[in-house]
Amino acid sequence: MIRTPKKTNWVLVGLGQQGERLARAISESSHAKLISVVSTDKSRAQSFKAQHGAIYSHDLLQEALHNKKINAVCIATPNHKHAQEVILAAQAGKNILCEKPLALTMREGRAIAAADKKNRVRCFVDFHLRMHESVKRA
């Protein structure tokens, strides 16, 4: 059985335009808190942390995953990093929300599914434009 926490404490990985939107959404929720942010740019992580009220900033996802307060990971990095980061989060026992695409190949997708199942975590893909008029026409 997969346990779902009453309050979701997030680490946000990737602090670009989509990361900004996600940080605002987390901040506006009464059921969520932004605990940590991750960026390869340390100064960007520190300023983002201050701007969005996070407690911690890191330049490596692995560092953030050791935090026992965090129970979910939001991944908004470039597409080619998604599979590796999702698998790391799953191995750390964290639930995951990943921007689309979840994986770039079937092999990555199968590895993600196996890691999620083995570690009993939930993994969701965020496709916020799915109802956009151009997507509906396609």
Side-chain angles (χ1 to χ4, degrees):
M1 173 191 256
I2 298 172
R3 292 182 229 51
T4 304
K6 291 180 181 177
K7 183 150 188 155
T8 305
N9 292 325
W10 291 92
V11 57
L12 175 60
V13 188
L15 310 180
Q17 186 178 28
Q18 191 60 21
E20 288 281 351
R21 289 186 190 112
L22 292 161
R24 284 194 307 272
I26 292 167
S27 298
E28 291 173 8
S29 172
S30 61
H31 302 286
K33 178 153 180 61
L34 185 60
I35 300 291
S36 185
V37 298
V38 177
S39 174
T40 54
D41 180 338
K42 279 187 177 187
S43 63
R44 171 77 175 132
Q46 290 172 348
S47 71
F48 196 98
K49 173 185 88 165
Q51 180 184 357
H52 293 283
I55 301 168
Y56 307 101
S57 64
H58 301 279
D59 60 344
L60 293 173
L61 174 57
Q62 294 87 328
E63 294 171 0
L65 293 174
H66 290 296
N67 189 330
K68 302 259 187 252
K69 294 178 185 175
I70 293 168
N71 49 29
V73 178
C74 185
I75 297 173
T77 54
N79 297 348
H80 70 279
K81 294 182 173 186
H82 290 182
Q84 178 187 7
E85 292 168 339
V86 167
I87 291 169
L88 284 171
Q91 290 170 339
K94 313 294 184 186
N95 293 313
I96 305 141
L97 174 65
C98 183
E99 281 299 308
K100 68 165 181 57
L102 181 60
L104 298 180
T105 66
M106 290 296 290
R107 185 178 195 175
E108 287 180 351
R110 287 185 184 108
I112 289 168
D116 293 349
K117 183 176 181 179
K118 178 180 179 182
N119 295 287
R120 300 173 62 205
V121 299
R122 293 181 181 197
C123 181
F124 299 93
V125 178
D126 182 17
F127 181 21
H128 69 282
L129 295 176
R130 69 186 173 282
M131 300 307 286
H132 191 273
E133 198 55 43
S134 63
V135 173
K136 290 196 292 188
R137 279 194 309 270

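Just so we're clear, the structure is a prediction, and the values are computed from it rather than from any experiment. In what follows, every heavy atom counts, from backbone to side chain, and hydrogens, waters and symmetry copies are set aside.
Among I75, V125, D126, N79, the single residue meeting the side chain to side chain contact (heavy atoms under 4.5 Å, CB included) criterion with L102 is V125.
Across K69 and Y56, no two heavy atoms sit closer than the pair NZ-OH, 3.5 Å. Taking both residues in full, the closest heavy atoms of A32 and W10 are given as CB-NE1, 3.6 Å, listed atom of the first, atom of the second, then distance. The two residues V11 and A64 make their nearest non-hydrogen contact at CG2-CB, 3.7 Å. For the pair A45 and S39, the tightest heavy-atom approach, listed with the atom from each and the gap, is CB-CB, 4.0 Å. Among all heavy-atom pairs drawn from A23 and L12, the shortest one is CB-CD2, 3.9 Å.
The same ILVMFWY cluster, assembled from side-chain heavy atoms under 4.5 Å apart, contains both L22 and L34. Residue I112 is grouped with residue V13 when hydrophobic side chains (ILVMFWY) are merged at heavy-atom distances under 4.5 angstrom, including chains of intermediate members. Note on I35 and V121: same hydrophobic cluster, where clusters join Ile, Leu, Val, Met, Phe, Trp and Tyr whose side-chain heavy atoms are under 4.5 Å apart, directly or indirectly.
The CZ atom of R122 sits 13.5 Å away from the CG atom of L97 when rounded to the nearest 0.5 Å. Rounding to the nearest 0.5 Å gives a distance of 12.0 Å between CZ of R120 and NZ of K117. To the nearest 0.5 angstrom, H52 atom NE2 is 13.0 Å from S57 atom OG.
Between the K94 side chain and the I70 main chain, a donor and an acceptor come within less than 3.5 Å of each other. A distance-only check finds a donor-acceptor pair linking the side chain of N71 to the backbone of N9 [under 3.5 Å]. For the pair H82 (side chain) and T77 (backbone), a donor-acceptor distance under 3.5 Å is present.
Residues N67 and H58 fail the side-chain proximity criterion, which asks for heavy atoms closer than 4.5 Å. Two residues are said to be in side-chain contact when any heavy atoms from C-beta on lie closer than 4.5 Å; D116 and I96 meet this criterion. The shortest distance between side-chain heavy atoms of L88 and V73 does not fall below 4.5 Å. Residues L60 and V38 are not in side-chain contact: their nearest non-hydrogen atoms beyond the backbone lie 4.5 Å or more apart.
When the shell of 6.0 Å around CD of Q91 is examined, it contains more than 12 heavy atoms from other residues, nucleotides or ligands.
Using a 4.0 Å cut-off between a side-chain N of Lys or Arg and a carboxylate O of Asp or Glu, E20 and R44 qualify as a salt bridge.
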Original post:
Are H31 and T8 close enough, and set up right, to give a side-chain contact (heavy atoms from CB on, under 4.5 Å), and what steps lead you there?
Top reply: CA-CA 6 Å; H31 302 286; T8 305; 5.9 Å; no
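By the side-chain contact (heavy atoms from CB on, under 4.5 Å) test, T105 pairs with R107, E108, sequence neighbours left out.
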